[in-house]
Amino acid sequence: PGATETSWLYDLAVAPLIDEVQKTISGDGIEGIISTIIDDISIATTFDKMVEALNILVEKGKEVGYFINFDKTQYLMSPVDNHNELERRMNILLELGFKEEMIKIHPDSVSFDNKPIALQERKAEYGVKLLGAFLGDSEFIKKKSLYKKITTLNKEKQNIIKYPHVKNRYLLTKFCF
């Protein structure tokens with residue numbers, strides 16, 4: 001539904017911005033990746049190149065009608081093995097406008113203080129949902145996809161239990177599972 005030409009026109013308007021970001025995240029022996037689906041942009045590159053790209057999107061995006069919604073934007077951080085570097089990255093991301101709960105710290109990263117990290121908890125939280133697919137740590141993916149399946153099966157179970165005809169209930173369970 002909707003006018004398909006509007007997304008095509010929007011793509012034309014943001015194409016120069018996307019090209020500039022692609023040039024920014026690549027070079028110096030680094031090949032960054034940018035992927036767009038209408039106004040959803042995903043970028044994979046080094047941290048410093050990512051910050052440059054985000055600054056371009058924030059500053060020049062206004063000119064073509066592109067605005068980052070930092071309430072919904074998620075960031076998967078690569079592993080950091082130094083406390084000061086982790087703190088530096090977090091501060092930069094927060095200054096850019098990210099919400100703290102939307103920044104996912106890699107399970108292999110150090111903690112903010114010298115306390116041990118809860119590895120299983122961090123693994124279960126490290127990931128995002130992108131266009132219906134879960135990306136991140138395998139524990140995150142298992143947790144999210146398994147939870148969805150269990151929830152769906154519980155709804156189906158309740159529907160079958162509530163079905164008034166016992167014989168039909170039997171036939172449904174016999175041939176459907």
Side-chain angles (χ1 to χ4, degrees), residues 7 10-11 14-15 17-62 64-152:
S7 63
Y10 181 79
D11 285 345
V14 298
L17 178 66
I18 301 304
D19 285 343
E20 185 175 348
V21 171
Q22 180 63 54
K23 288 175 186 162
T24 300
I25 63 175
S26 298
D28 302 327
I30 297 167
E31 274 305 311
I33 299 169
I34 185 167
S35 172
T36 63
I37 297 178
I38 305 180
D39 65 342
D40 289 335
I41 297 178
S42 301
I43 303 172
T45 189
T46 63
F47 180 79
D48 293 325
K49 296 261 186 197
M50 178 71 72
V51 171
E52 286 181 56
L54 289 169
N55 281 323
I56 290 170
L57 290 171
V58 168
E59 294 301 317
K60 295 185 178 180
K62 299 172 193 170
V64 293
Y66 181 81
F67 299 92
I68 298 176
N69 182 351
F70 283 106
D71 290 335
K72 293 176 20 181
T73 302
Q74 298 180 65
Y75 184 87
L76 290 180
M77 191 179 293
S78 60
V80 180
D81 59 3
N82 179 300
H83 299 286
N84 294 332
E85 179 63 14
L86 179 61
E87 202 168 301
R88 180 185 82 87
R89 289 183 182 191
M90 283 296 291
N91 288 335
I92 290 171
L93 293 172
L94 293 171
E95 284 175 21
L96 275 168
F98 280 92
K99 305 293 181 222
E100 190 169 348
E101 63 273 9
M102 301 303 264
I103 302 169
K104 313 295 180 169
I105 300 172
H106 195 280
D108 294 336
S109 292
V110 296
S111 62
F112 283 106
D113 44 31
N114 289 325
K115 296 177 185 172
I117 60 169
L119 188 59
Q120 279 307 114
E121 184 179 315
R122 200 182 261 184
K123 283 183 172 191
E125 294 173 359
Y126 186 76
V128 296
K129 187 175 184 181
L130 179 66
L131 299 173
F134 295 107
L135 303 173
D137 191 89
S138 58
E139 292 300 317
F140 173 83
I141 295 167
K142 285 179 203 171
K143 176 183 165 188
K144 293 296 183 179
S145 62
L146 185 59
Y147 175 78
K148 185 177 179 182
K149 288 176 187 173
I150 289 171
T151 303
T152 302

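Just so you know, these numbers use all the heavy atoms, side chains as well, and skip hydrogens, waters and symmetry mates. Numbering starts at 1 and runs along the sequence shown. On a predicted model such as this, the values are computed, not experimentally measured, just so you know.
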Any residue meeting side-chain hydrogen bond (donor to acceptor under 3.5 Å, both in side chains) with [X], in chain and number order, not counting sequence neighbours:
X      : result
Glu52  : none
Lys129 : none
Lys142 : none
Ser26  : Gln22

What is the distance from atom [atom1] of [X] to atom [atom2] of [Y], rounded to the nearest 0.5 Å?
X      : Y      : atom1 : atom2 : answer
Leu130 : Leu135 : CG    : CG    : 5.5 Å
Ile103 : Met77  : CD1   : CE    : 6.0 Å
Tyr126 : Leu76  : OH    : CG    : 4.5 Å
Ile92  : Met50  : CD1   : CE    : 13.0 Å
Asn91  : Leu96  : CG    : CG    : 11.0 Å

Side chains of Met102 and Thr73 in contact at under 4.5 Å (non-hydrogen atoms):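 Not touching, per the 4.5 Å side-chain cut-off.
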
Are any of the side-chain heavy atoms of Leu54 and Phe98 separated by less than 4.5 Å?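 They are in side-chain contact.
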
Do any pairs count as a salt bridge (Lys or Arg N to Asp or Glu O under 4.0 Å) and have a residue in residues 82-93, sequence neighbours left out, and if so which ones?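 Qualifying pairs, neighbours excluded: Asp48-Arg88, Glu85-Arg88, Glu85-Arg89.
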
If you look at every heavy atom in [X] and [Y], which pair is closest and at what distance?
X      : Y     : result
Lys99  : Phe70 : CG-O, 3.6 Å
Lys104 : Gln74 : CE-OE1, 3.8 Å
Val21  : Ala53 : CG1-CB, 3.7 Å

Excluding sequence neighbours, so at least two apart, what forms salt bridge (Lys or Arg N to Asp or Glu O under 4.0 Å) with Lys60?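 Only Glu20 meet the salt bridge (Lys or Arg N to Asp or Glu O under 4.0 Å) criterion with Lys60.
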
Listed partners of [X] passing side chain to side chain contact (heavy atoms under 4.5 Å, CB included), at least two apart:
X      : answer
Asn84  : Asn82
Asp81  : none
Lys123 : Pro107, Leu119, Gln120, Asp137, Glu139
Ser109 : Pro79, Val80, Ile105, His106, Arg122

Would you please name every residue forming a ring pair (Phe, Tyr, Trp, His ring centres under 6.0 Å) with Tyr66, sequence neighbours left out?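 None.
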
Table please: side-chain donor-acceptor pairs of residues 33-46 below 3.5 Å, with sequence neighbours left out.
unit_1, atom_1, unit_2, atom_2, d
Thr45, OG1, Ile25, O, 3.2
Thr46, OG1, Lys49, N, 3.4

